[in-house]
Amino acid sequence: MYSFMGGGLFCACVGNILLVVSTATDYWMQYRLSGAFAHQGLWRYCVTGKCYMQIESIAYWNATRAFMILSTLSCFAGIIAGILSFAHFSTFQRFNRSFAAGIMFFISTLFVLLAMAIYTGVTVNFLGKRFGDWRFSWSYILGWVALLMTFFAGIFYMCAYRMHECRRVTGPR
C-alpha cells in the first residue's frame, strides 16, 4: 500500500511542477510572423525578443487559463491529502485520505484535459490557418505530460485505497 502511495505522491509532485511550469511559460505555440520568429503562451506573446501581455479577453485563452489553474490547485490539494494519508489518525474512520487524494488527482486530470482540448481545438482550427508556419512548443507538451502524471497519481492512490480496503475487510493476517 505504501509503495503505491509513494509512487502516486511522486507522480503528483512531478505533475504539479509541470502544471505550474506549463501554465506560467510562454512557449505554447511558436510561429513565424513577418519573417521573424514569435511564440506565445497563456499570458504573453513574444515577437523578435520583445514580450507583450495578452490584454485581449479571448474566451478560449480565459478558459484554458482557468482550467490550468484549477488543475494545479486540485493537484496540490491531492498532494496534501496524499501526504496526510501516510498518517493514521483515528479521528475519521469513514473518510479515507488515499481515496480523497485519488479523486483529487482525477479531478486535476479532467481539468488539464479540458484546458488542453480547448487550446488544441482553437489553435488547430483558427490560429493554425492564420499562421502558415506554426507548431506547438514545449510548454504545451509539458501540459500533456502533466495530464499523464496526474492520471497515474490517481491510479496509484486508487490502488492503495483498494489494497487498504481489502486488508480491512479480511482482517489482519
Side-chain angles (χ1 to χ4, degrees), residues 2-31 38-46 51-87 92 95-128 134-162:
Y2 288 113
S3 60
F4 280 123
M5 289 170 30
L9 196 58
F10 173 75
C11 287
C13 288
V14 170
N16 203 27
I17 290 168
L18 293 177
L19 283 170
V20 169
V21 170
S22 175
T23 303
T25 54
D26 301 330
Y27 286 89
W28 280 61
M29 178 181 167
Q30 291 179 330
Y31 51 92
H39 56 88
Q40 72 179 22
L42 298 178
W43 310 99
R44 300 185 317 171
Y45 64 95
C46 301
C51 295
Y52 308 96
M53 294 297 293
Q54 292 185 0
I55 55 174
E56 302 90 14
S57 181
I58 300 174
Y60 89 95
W61 272 331
N62 292 338
T64 304
R65 290 173 190 157
F67 283 130
M68 289 298 284
I69 290 170
L70 287 172
S71 176
T72 304
L73 292 175
S74 57
C75 185
F76 183 73
I79 289 172
I80 298 299
I83 291 171
L84 290 176
S85 68
F86 280 104
F92 299 111
F95 179 72
N96 192 307
R97 288 177 206 86
S98 61
F99 181 76
I103 293 298
M104 291 307 293
F105 295 135
F106 286 137
I107 290 171
S108 176
T109 302
L110 175 68
F111 284 148
V112 74
L113 178 66
L114 288 171
M116 299 308 285
I118 290 169
Y119 189 84
T120 303
V122 172
T123 300
V124 168
N125 290 323
F126 175 68
L127 294 177
W134 68 276
R135 65 185 172 131
F136 291 116
S137 193
W138 61 269
S139 296
Y140 173 82
I141 294 167
L142 286 182
W144 284 108
V145 174
L147 178 132
L148 291 174
M149 296 304 279
T150 57
F151 178 74
F152 285 123
I155 293 290
F156 282 139
Y157 268 94
M158 285 300 166
C159 288
Y161 168 71
R162 292 295 296 164

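Excluded from the calculations below are hydrogen atoms, water molecules and symmetry mates; all remaining heavy atoms, backbone and side chain alike, are included.
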### Task
Nearest 0.5 Å please: distance from the CZ atom of F105 over to the CZ atom of F152.
14.5 Å

### Query
Just how far is it from atom CE of M104 to atom OG1 of T109, taken to the nearest 0.5 Å?
11.0 Å

### Task
Check step by step if side chain to side chain contact (heavy atoms under 4.5 Å, CB included) holds for C13 and I79.
CA-CA 7 Å; C13 288; I79 289 172; 4.2 Å; yes

### Message
Donor-acceptor check, side chain of W28 to backbone of S22, threshold 3.5 angstrom: yes or no?
### Response
yes

### Message
Tell me whether W43 contacts the main-chain N or O of T23 through its side chain, where contact means a donor paired with an acceptor under 3.5 Å.
### Response
yes

### Message
Is the shortest side-chain heavy-atom distance between L19 and S108 below 4.5 Å?
### Response
yes

### Message
Rounded to the nearest 0.5 Å, what separates atom CG in L142 from atom CD1 in I17?
### Response
11.5 Å

### Rounded distance (nearest 0.5 Å) linking atom CD1 of I141 with atom CZ of R135
8.5 Å

### Query
Parallel under 30°, tilted from 30 to 60°, perpendicular over 60°: which one fits the rings of Y52 and Y45?
tilted

### Query
Hey, what do you get for CD1 (I155) to OG1 (T150), rounding to the nearest 0.5 Å?
10.5 Å

### Query
Taking the side chain from H39 and the backbone from D26, do they hold a donor-acceptor pair closer than 3.5 Å?
yes

### Task
Classify the ring geometry between F136 and Y140 as parallel (under 30°), tilted (30 to 60°) or perpendicular (over 60°).
parallel

## Note on the structure
dist C75:SG -> I107:CD1 (nearest 0.5 Å) comes out at 11.5 Å

### Query
Under a 4.5 Å cut-off applied to non-hydrogen side-chain atoms, are T25 and W138 in contact?
yes

### Message
Are the side chains of F151 and F106 in contact, using a 4.5 Å heavy-atom criterion?
### Response
yes

### Query
Just by distance, do the side chain of S85 and the backbone of G82 share a donor-acceptor pair under 3.5 Å?
yes

### Message
I'd like to know if the side chain of Q54 reaches the main chain of G41, judged simply by a donor and an acceptor atom lying under 3.5 Å from each other, with no hydrogens or angles considered.
### Response
yes

### Minimum side-chain heavy-atom gap M116-F67 below 4.5 Å
no

### Message
Within the structure provided, determine whether W134 and T123 are in side-chain contact (heavy-atom separation under 4.5 Å).
### Response
yes

### Query
With side chains defined as the heavy atoms from C-beta onward, is the minimum distance between F156 and L9 less than 4.5 Å?
no

### Task
Measure from the side-chain N and O atoms of S74 to the backbone N and O of L70, and report whether any donor-acceptor pair falls under 3.5 Å.
yes

### Query
Donor-acceptor pair, N125 side chain versus G121 backbone, under 3.5 Å?
yes

### Any side-chain heavy-atom pair of W144 and T120 under 4.5 Å
yes

### Query
Quick check: are there more than 12 heavy atoms from other residues, nucleotides or ligands sitting under 6.0 Å from CZ of F76?
no

### Least distance between heavy atoms, A146 atom then G15 atom
CB-O, 3.7 Å

### Validation row: M5, R97 side chains within 4.5 angstrom (heavy atoms)
no

### Query
Can you name the closest pair of heavy atoms from Y157 and S98 and give their distance?
CB-O, 3.6 Å

